[in-house]
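Note that the structure is predicted; figures quoted are calculated from it, not measured. The first residue of the sequence shown is numbered 1, and numbering continues consecutively from there.
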Amino acid sequence: MSPVLEARNITKRFPGVLANDHIDFSLEKGEVLAFLGENGAGKTTLMNVLYGLYTPDEGQIFLDGQEVEIESPSDAIAYGIGMVHQHFMLVPVMTVAENVVLGTETQSLFGLNLTAPIRRLQVLLRRLNPIPYLHHRLAGPYRLSQKALTWAILYLLFFGVEFLLFLLNRSFWGVLVAGFVVGLFWLGMLVDCRRRPAESFTGAVLESKPAWAAIIAVGNVIGAAAYYFLVARRRTIPWPNPRRRRILVVGLSLIVALAISSLAALSGLLPILTTLTEGLLRFLLVTALTYIGLWGLFGLYLMLLETLQWFTELVPLGLAADARRVQEISHQFGLDVDPWAYVKDLPVGVQQRVEIVKALYRQADILILDEPTSVLTPQETEELFQIMRSLTDQGKSVIFITHKLKEVLAVADRIVVLRDGRVVGETRPTEATESSLAAMMVGREVILTVDKKPARTQDVVLKVENLHAEDDRHQPVVNGVSLEVRAGEILGVAGVQGNGQTELVEVLTGLRPSTEGRIWIMGVETTHASPRQIIELGVAHVPEDRQKDGLVLSYPVYDNLVLCTYYQPPFAKGVVINEEAVFKRAVELVQTFDIRTPSIALPARNLSGGNQQKLIVARELSRPIKLLIAAQPTRGLDVGSIEFIHKRLIEKRDDGAAVLLVSAELDEIMSLSDRIAVMYEGKIVYTVDADKTSREELGLWMAGGRREEITAQPT
């Protein structure tokens with residue numbers, strides 16, 4: 001039986017980087033295939049190739065033994081491949097059902113399912129739409145044509161008024177209207193020239209209103225000449241009375257003086273010129289009518305498209321039926337999400353379930369999970385593993401990308417290890433250990449335990465008293481936190497995600513205001529201090545959300561590495577940035593912290609999630625600090641990078657810095673911390689020396705169980 005998915009010689013290159021180097025692998029039906037590798041090993045790039053986000057430079061993809069070409073995510077979805085990205089692709093203000101069915105909503109009216117006919121009509125109209133072609137092939141003429149049409153319609157409007165007045169024997173008023181229109185447009189020209197003089201004739205013709213005002217003026221001249229040659233001269237309409245005729249002749253003479261002055265001396269050629277002028281005017285008239293006719297047809301197309309859009313918005317979306325289908329799928333695979341809940345109100349673990357339901361709703365048989373546990377608590381991770389097993393039991397196949405060795409050994413059927421874009425090994429959990437996998441990933445032996453000396457505590461660096469704060473919905477989430485962190489120690493804050501740890505860190509670093517309580521850093525009160533004031537006291541901050549709070553994604557790597565110190569020597573001389581010093585510093589940190597990037601000028605958004613995290617850690621730990629506040633410092637990092645970061649945290653502690661560590665990884669908290677504080681429902685409910693507690697006891701406190709036991713004891 002052929003594999004459900006097979007990749008042969010998949011190769012993907014970027015400028016300066018060989019991301020995937022002739023990768024081969026296969027995926028069986030009902031199997032969990034894990035991909036393991038360092039940050040920048042090429043795992044996510046490979047998955048993006050399978051999902052159609054990237055096109056491979058070389059290689060083939062086979063589904064059920066048949067070669068396929070996947071050029072876009074829509075192709076992947078059509079072939080039954082779904083992907084849950086590391087950073088969720090959800091709309092927070094929409095419900096679960098709306099997010100799941102987005103783009104595939106059911107539409108029904110009076111019991112008739114109109115979804116398919118409406119989709120076909122939309123596809124037909126998209127294929128007939130000339131706008132993309134015009135934008136791509138004829139962008140300049142298309143924009144010019146739009147402007148020309150606007151002014152042509154205005155010209156026809158005013159010329160029509162003039163012509164109507166002439167036909168109604170109101171020549172005098174017609175001349176006045178012509179003069180008024182010309183004066184109006186030339187006044188606009190003067191104002192426009194005053195504001196924005198054209199730099200060249202071409203610029204005036206293509207962009208400036210004065211050019212079109214001149215065209216309107218010439219149009220009036222042509223209109224007057226056309227009236228004389230095509231109407232008045234042929235006597236098809238009775239000429240006005242002599243008095244008005246004299247006024248008309250004077251008015252026309254003023255308007256067309258420049259146009260006919262050169263012809264006055266050529267009276268002998270007037271009959272020939274008259275015939276030529278008639279032919280030219282008729283040609284211009286036919287051309288104008290054809291042009292406006294084409295735009296009229298295009299206008300009808302746009303009206304039809306707008307009407308269809310209006311109709312699709314008018315027809316009920318059938319969300320009730322869609323929500324029932326979402327609920328059925330979530331129940332079938334043990335995901336259990338509320339289809340009517342708003343995504344913004346859901347914890348991260350449930351949001352991930354929504355992403356999985358979204359893929360299953362589109363009938364995915366192959367599910368790619370990219371770093372799915374990087375934002376989950378241990379409890380949520382265990383629930384995800386149960387969901388994965390439920391999926392494979394029902395015939396689905398799962399590709400699982402992670403950095404965490406224990407997870408791979410717990411859930412995978414087979415393990416493929418990547419290093420530097422190549423497959424360096426394949427094994428099974430029964431044949432591997434954490435140490436062997438780590439060595440295969442990194443290419444050397446990795447120390448998985450933290451080696452540290454006893455802490456030598458000194459003075460209090462951070463002191464917090466009765467701190468209160470609210471979340472973005474103005475709900476209290478930090479409820480009277482009091483704690484102290486001394487120089488030379490690591491205080492670890494443990495707790496299930498969502499118990500106020502995030503907001504506590506934001507208040508301490510000046511990113512969120514407190515509603516009550518006081519904070520001191522190095523003896524200076526910082527309760528209402530700004531982030532810069534706090535940084536200048538010697539505080540480093542590794543934020544939980546690296547993209548929102550840790551980086552300016554559009555800035556290059558070298559700028560992000562000096563975000564906290566760019567205005568200080570040696571990176572600045574007065575108000576001028578010393579780019580040479582910035583570049584030199586960036587090169588040093590990229591090498592020291594092993595940030596995988598082809599260039600320090602690459603925008604931060606183009607780095608992998610793990611390398612973005614290493615960039616932040618490099619910036620914060622490379623300067624002299626007194627206090628380090630680290631929230632999830634190793635989130636998304638591979639085992640080699642985690643080992644490196646852990647050593648740096650211990651070094652900072654041993655150098656006399658105070659470290660406040662907030663992590664969802666209980667193993668990390670226990671191995672790094674000297675003291676541990678458990679946070680539950682916005683309060684510190686338990687503080688203990690790290691060597692005097694166990695995982696089980698901390699787990700009870702994190703779940704609120706031990707606190708309830710103590711509260712229930714008789715006094």
Side-chain angles (χ1 to χ4, degrees), residues 342 344-350 375-380 460-486 490-521 525-531 534 539 541-545 548-549 627 629-632 658-666 669 673 675-690 693 697-713 715:
Y342 285 95
K344 65 180 180 180
D345 298 329
L346 300 177
V348 175
V350 180
V375 294
L376 301 184
T377 64
Q379 293 86 343
E380 290 170 332
V460 174
V461 174
L462 171 66
K463 182 178 181 180
V464 180
E465 283 188 358
N466 194 34
L467 191 66
H468 292 256
E470 297 177 345
D471 62 12
D472 294 334
R473 295 173 295 167
H474 302 292
Q475 299 297 316
V477 287
V478 179
N479 302 308
V481 169
S482 297
L483 57 84
E484 290 183 353
V485 187
R486 295 179 176 274
I490 298 177
L491 174 64
V493 177
V496 178
Q497 192 74 13
N499 277 276
Q501 306 97 309
T502 299
E503 290 78 9
L504 172 63
V505 170
E506 290 176 346
V507 172
L508 296 179
T509 54
L511 298 177
R512 181 181 296 273
S514 61
T515 56
E516 188 179 340
R518 302 175 73 184
I519 306 168
W520 292 269
I521 297 176
E525 185 169 0
T526 59
T527 308
H528 302 292
S530 67
I534 293 172
V539 178
H541 175 212
V542 178
E544 178 178 334
D545 190 330
K548 177 184 175 185
D549 299 320
L627 170 65
I629 300 176
Q632 320 296 343
V659 180
L660 179 67
L661 172 66
V662 178
S663 176
E665 300 289 340
L666 197 52
I669 289 286
S673 302
R675 290 188 300 126
I676 299 174
V678 178
M679 200 164 178
Y680 178 74
E681 292 184 348
K683 300 178 180 178
I684 300 294
V685 296
Y686 182 53
T687 303
V688 64
D689 291 338
T693 187
E697 184 178 19
L698 289 177
L700 286 173
W701 281 102
M702 289 165 61
R706 180 59 60 88
R707 185 184 183 198
E708 293 173 0
E709 291 175 15
I710 294 173
T711 304
Q713 290 178 359
T715 57

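A donor-acceptor pair is defined here as one N or O able to donate and one able to accept, closer than 3.5 Å; no such pair exists between the side chain of S673 and the backbone of I490. Side-chain N or O atoms of Q501 include none that pairs as donor or acceptor with a backbone N or O of V493 at under 3.5 Å.
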Please report the C-alpha distance between V481 and I684 in whole Å, then the side-chain angles of each, then the deciding distance to 0.1 Å, and finally whether the side-chain contact (heavy atoms from CB on, under 4.5 Å) criterion is met. CA-CA 6 Å; V481 169; I684 300 294; 3.8 Å; yes
Can you list the steps and then say if E465 with W520 is a side-chain contact (heavy atoms from CB on, under 4.5 Å)? CA-CA 9 Å; E465 283 188 358; W520 292 269; 3.7 Å; yes
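Listed by chain and number, the residues in a side chain to side chain contact (heavy atoms under 4.5 Å, CB included) with S514 are L467, V507, T527, H528 (sequence neighbours excluded). Not counting sequence neighbours, the partners of R512 by the salt bridge (charged side-chain N to carboxylate O under 4.0 Å, His left out) test are D472, E506. Not counting sequence neighbours, the partners of E525 by the salt bridge (charged side-chain N to carboxylate O under 4.0 Å, His left out) test are R518. Contacts of E516 classified as salt bridge (charged side-chain N to carboxylate O under 4.0 Å, His left out), with partners at least two apart in sequence or in another chain: none. A630 is linked by a side chain to side chain contact (heavy atoms under 4.5 Å, CB included) to V542, L628, P633, L661, counting only residues two or more places apart in sequence or in another chain. For D545, the salt bridge (charged side-chain N to carboxylate O under 4.0 Å, His left out) test picks out no residue, with sequence neighbours left out.
The NZ atom of K463 sits 13.5 Å away from the CD1 atom of I521 when rounded to the nearest 0.5 Å. For the atom pair CD1 (I629) and CG (L504), the distance works out to 8.5 Å, reported to the nearest 0.5 Å. Taken from CG in L627 to NE2 in H541, the straight-line distance is 10.5 Å, to the nearest 0.5 Å. To the nearest 0.5 Å, the span separating CG on L491 from CD on E484 amounts to 10.5 Å. A distance of 7.5 Å separates OG1 of T526 from CG of L462, quoted to the nearest 0.5 Å. Rounded to the nearest 0.5 Å, atoms CD (E503) and CG (L508) are 11.5 Å apart.
Counting all heavy atoms, side chain and backbone alike, N499 lies closest to E681 at OD1-N, 2.6 Å. In terms of heavy-atom proximity, E697 sits nearest to Y686 at OE2-OH, 3.0 Å. Among all heavy-atom pairs drawn from A494 and I669, the shortest one is CB-CG2, 4.3 Å. For N466 against S482, the heavy-atom pair with the smallest separation is N-OG, 2.9 Å. In terms of heavy-atom proximity, A469 sits nearest to T515 at N-OG1, 3.7 Å.
Contact of the V485 side chain with the V461 side chain is not registered, since no non-hydrogen atoms from C-beta on lie closer than 4.5 Å. V505 is not listed as a side-chain neighbour of E544, based on a closest heavy-atom distance of 4.5 Å or more. V662 has its side chain out of reach of M679: every pair of non-hydrogen atoms, C-beta onward, lies at least 4.5 Å apart. Using a 4.5 Å heavy-atom cutoff, the side chains of V478 and H468 are not in contact.
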